[in-house]
Amino acid sequence: MGKNDLICLNGVRKNFGSKAVLEDISLEIKEGEVIGIVGKSGAGKTTLLKIIVEFLKKDGGDISFDREKINRSRHFSYFGFSTQEKSFYSRLTVKENLIYFASLHEMPKANLDNTIDNILQEVGLQDDKDTISSSLSQGMQKRLDIACSIVHDPDILVVDEPTADLDPGLRKKIWDLIRFLNKKKGKTIIISSHLPEELFAVCSRLFVLEDKKVKPVKKKKDMYLLYEDAQKQD
Amino acid sequence: MKMLRNKINKFKEILKKNFILLWRSKNTVLAIFFGPLLLIFLLGLAFNNTGLNDISIACYSEEYNELSDALLDRLENNGFYVIKSESEAGCIDNIRMGRNHACLIIPSNLKIKESKGITAYVDKSKANLAEDIINLVSKDIEEESSRISLGLTEALLDRLEHISELSTRSSEKIDLLTENNADSKKMLEDTIRDVNRLIIIINDMSARIKEMGSWIKEGRKSEELAEELAELIDESRDILEDAEDKLGEGGWLADIEEIDQLLEEAEDKIEKSDVFDEEFWKDVTSISDDLEDKTGMIKGILEDMAGRLEQADENADDDKKQLELASTGIKETYSKSKDIDIRNATKIVNPLITNIRPVAPEKTHLNSIFPTLLVLIIMFGSVLLSSTNIIIEKKDNAFFRNFISPTNRIIFLVMRFITDFIIILIQLSLFIGVSIAVFSVEFIVNLNTVLILGAVACFFILLGILIGSIFNSEEGSILSSIITTSAMLFFSNTILPVEAMSGFLYKASQYNPFVIAETALRKSMIYGVSFDKVIIEVLLLGAWIFLMIIGILAANKLNIRQTIESMKHIIFLEE
């Protein structure tokens with residue numbers, strides 16, 4: 001593990017039944033970085049993300065964490081995870097969702113209202129805090145999902161397919177938010193997407209997940225060569 | 001302290017979230033809160049009464065008579081619809097087809113002495129109703145039978161009384177006959193004595209006549225002999241007169257008169273004769289020979305009479321014995337008839353008075369089944385509600401974020417338990433409130449009742465949580481909930497008495513939580529027993545609750561990997 005490495009994966013494997021999904025995954029995630037993982041749909045990006053934060057059990061290899069920065073006893077408190085399926089209660093309002101998930105992390109009630117208001121400001125939902133979540137648009141729901149992921153102020157944010165099914169205008173808003181969270185809030189962000197151009201614009205480092213393995217990408221050209229099929233599909 | 005406050009806040013927010021989600025699903029709210037209301041109204045309208053209604057009885061007899069019609073009238077007066085069937089097969093078929101509740105086959109021209117009784121057919125597949133119908137119909141038939149028995153018994157007692165009186169009168173008459181018999185016997189004995197004396201005298205007289213006759217034939221013919229002859233004739237005439245008096249009317253009177261005439265003739269001859277010559281003695285000898293013949297004849301008659309009198313005497317002795325026997329028999333009959341203490345026909349027909357009283361004051365069906373209803377509502381409501389809620393939570397997108405929070409999974413289950421417990425409490429309050437306010441259901445509310453209801457609700461909610469923890473699909477969870485609750489229902493007193501089950505299952509049913517709950521509630525709500533009387537049931541429920549908790553912990557530990565694998569966004573933390 002390197003000096004600034006927060007998380008280090010070494011030869012990690014994952015099987016679902018007899019089917020190998022990931023093989024020999026090795027990468028490091030440094031503090032303050034924006035790491036992008038690009039790959040085709042079904043390549044195993046979400047699985048890799050879940051393994052990175054130890055949400056899914058690996059079947060081989062090592063994952064190490066900087067335990068000075070990521071305390072074992074409160075491991076999940078250091079991570080925020082924004083899922084593709086938007087993990088919040090659709091029948092609660094925006095604010096009710098945030099209050100609820102904040103309470104799960106035992107955040108003090110005293111400053112909670114302020115914290116929530118700030119988060120809503122950051123994600124651009126300040127005018128919709130009393131709106132029932134199911135009546136929000138796709139983009140707003142995604143932002144709410146991100147808000148739920150960061151309500152407890154995690155150090156590491158994992159975002160799975162942040163701009164899936166969004167129009168270009170909304171995509172821009174999401175990427176702006178991600179940049180904001182990284183640049184202004186200093187969060188380490190790990191993103192997965194099947195849209196390489198957007199990742200390239202935001203990420204400090206990119207990896208391509210192909211044939212169950214990750215390969216680092218330094219140049220855009222290399223990424224396109226490695227990811228030809230993805231372009232064609234998109 | 002701050003951490004504790006944050007923890008408490010977490011619990012409150014989870015609880016709040018549960019109720020907000022429930023409240024914002026209007027259909028769910030409707031089902032949860034109006035369901036029990038609808039149920040109690042329907043149950044109250046249906047069962048807030050006593051007895052059975054609209055019970056129809058089919059009957060068949062080849063020939064109806066007064067007795068069978070009286071029985072059928074009694075049934076109709078007691079609220080049954082009585083329909084006469086065309087045939088026995090048709091009557092029985094009506095039950096199978098559900099047109100009638102029972103069928104009575106009455107013997108043709110029903111008689112009191114009829115050895116072939118009334119046969120009743122019921123549909124045992126409707127077990128509870130069948131028992132009630134059998135009891136009601138049997139009761140009516142028994143009452144009619146008692147009424148007839150009463151009449152017969154009264155007639156019997158009257159005859160017994162009459163026999164008793166007859167016995168008394170007959171006994172008196174026999175006593176009189178016995179006295180008469182004794183008198184007659186005495187007279188007979190006297191008469192026999194007299195006849196025997198007469199026989200002796202006539203024997204003597206005959207012997208003297210014979211002797212005289214032999215003296216005359218020997219030649220001893222003298223005046224002295226004539227004087228002796230005259231004396232003998234005189235004595236003989238007295239004897240004859242005496243005999244005539246004693247013997248009374250009879251065939252011998254003519255013979256006696258003949259002898260008397262001969263004696264008179266001889267007396268005249270002797271008195272009128274101065275000379276006792278050969279002609280005199282020839283005449284006297286002739287008279288003597290005639291007298292001998294006649295006295296011989298009289299003697300024969302007398303001996304025959306003595307024989308007959310002795311026979312009569314013997315008969316009188318036999319009659320006396322028979323009269324004594326008859327007297328003894330009649331006295332015994334009288335004594336035995338008087339020994340019967342019970343002279344009241346009602347007491348003979350119904351010697352044992354049975355008063356069947358309910359343990360609790362008799363109330364409506366709704367009141368009687370109220371504890372069972374409560375347990376049923378808690379059981380079905382709790383198990384289905386809590387198991388379904390667990391599955392809904394697992395399938396909700398938000399489950400992922402709950403799972404990856406630092407909050408232990410068990411906390412969510414505990415909060416789910418509390419949420420469901422509060423819902424069940426509200427349901428029970430509505431149910432009980434309407435029962436009391438609208439249908440005047442009466443039962444005892446005390447700490448025992450509250451404690452038992454709480455324990456019952458706890459158990460069934462935990463059972464639902466366990467089922468929800470085991471299964472990952474709605475259909476699996478609902479099906480298991482229904483099967484589990486149905487099994488508990490069938491192995492209880494609700495469908496059939498548990499006493500109808502075979503050995504092992506009967507013993508096992510005593511540990512059925514439904515049975516335990518029902519028993520405890522019945523004791524507490526209807527009979528108002530103290531806590532020590534229900535402590536066993538409470539402890540058993542406590543044991544079941546403990547088992548449920550263990551099961552839930554185990555199921556969550558074992559099932560979690562399966563849950564994760566089946567839900568793409570669910571994650572698992574390796575410790």
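Keep in mind the model is a prediction, meaning the values are calculated, not measured. Chain letters run A, B, ... following the sequence lines, proteins first, then strands; residues in each count from 1. FYI, side chains are in, hydrogens and waters are out, and symmetry mates aren't considered; it's all heavy atoms of this structure.
- Of the two parts of A:S149, the backbone and the side chain both hold a non-hydrogen atom closer than 4.5 Å to a non-hydrogen atom of chain B.
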>> Would A:L92 and B:K17 count as a side chain to side chain contact (heavy atoms under 4.5 Å, CB included) here? Give the steps.
In response: CA-CA 8 Å; A:L92 294 183; B:K17 177 264 299 178; 3.8 Å; yes
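- Taking chain B as the reference chain and counting heavy-atom pairs below 4.5 Å, the highest number among A:S103, A:S77, A:A110 is found for A:S103.
- Of the listed residues (A:F81, A:F79, A:F88, A:Y100), the one with the most heavy-atom contacts under 4.5 Å to chain B is A:Y100.
- By the neighbour-count criterion of 12 heavy atoms within 6.0 Å, atom CZ of B:F34 is sparsely surrounded, having that number or fewer from other residues, nucleotides or ligands.
- A donor-acceptor pair is defined here as one N or O able to donate and one able to accept, closer than 3.5 Å; such a pair exists between the side chain of B:R401 and the backbone of A:S87.
- Here the CZ atom belonging to B:F399 is positioned 14.0 Å from the CD atom belonging to A:E85, to the nearest 0.5 angstrom.
- Rounded to the nearest 0.5 angstrom, B:S25 OG and A:R91 CZ are separated by 5.0 Å.
- Looking at A:D160, there are no atoms closer than 4.5 Å to chain B (heavy atoms on both sides), in backbone or side chain.
- With ring centers used as reference points, A:F55 lies 6.0 Å or more from B:F403.
- For chain A, the option among B:I14, B:T407, B:I20, B:N402 with the highest count of heavy-atom pairs below 4.5 Å is B:N402.
- For B:F546, the CZ atom sits in a loose shell: 12 or fewer heavy atoms of surrounding residues, nucleotides or ligands are nearer than 6.0 Å.
- A:E96 CD to B:E13 CD: the interatomic distance, rounded to the nearest 0.5 Å, is 9.0 Å.
- In this structure, CZ on B:R24 lies 5.5 Å from OG1 on A:T93, to the nearest 0.5 angstrom.
- Here A:K109 contributes atom NZ and B:N9 contributes atom CG; the two are 5.0 Å apart, rounded to the nearest 0.5 Å.
- Around NZ of A:K19, the count of heavy atoms belonging to other residues, nucleotides or ligands within 6.0 Å does not exceed 12.
- For B:I411, no part lies near chain A; criterion is any non-hydrogen pair under 4.5 Å.
- A salt bridge links A:E106 to B:K7: at least one charged side-chain nitrogen sits closer than 4.0 Å to a carboxylate oxygen.
- Atoms CG and CG, from B:N6 and A:L104 in turn, are 12.5 Å apart once rounded to the nearest 0.5 Å.
- With a 4.5 Å cut-off on non-hydrogen atoms, B:F11 does not touch chain A at all.
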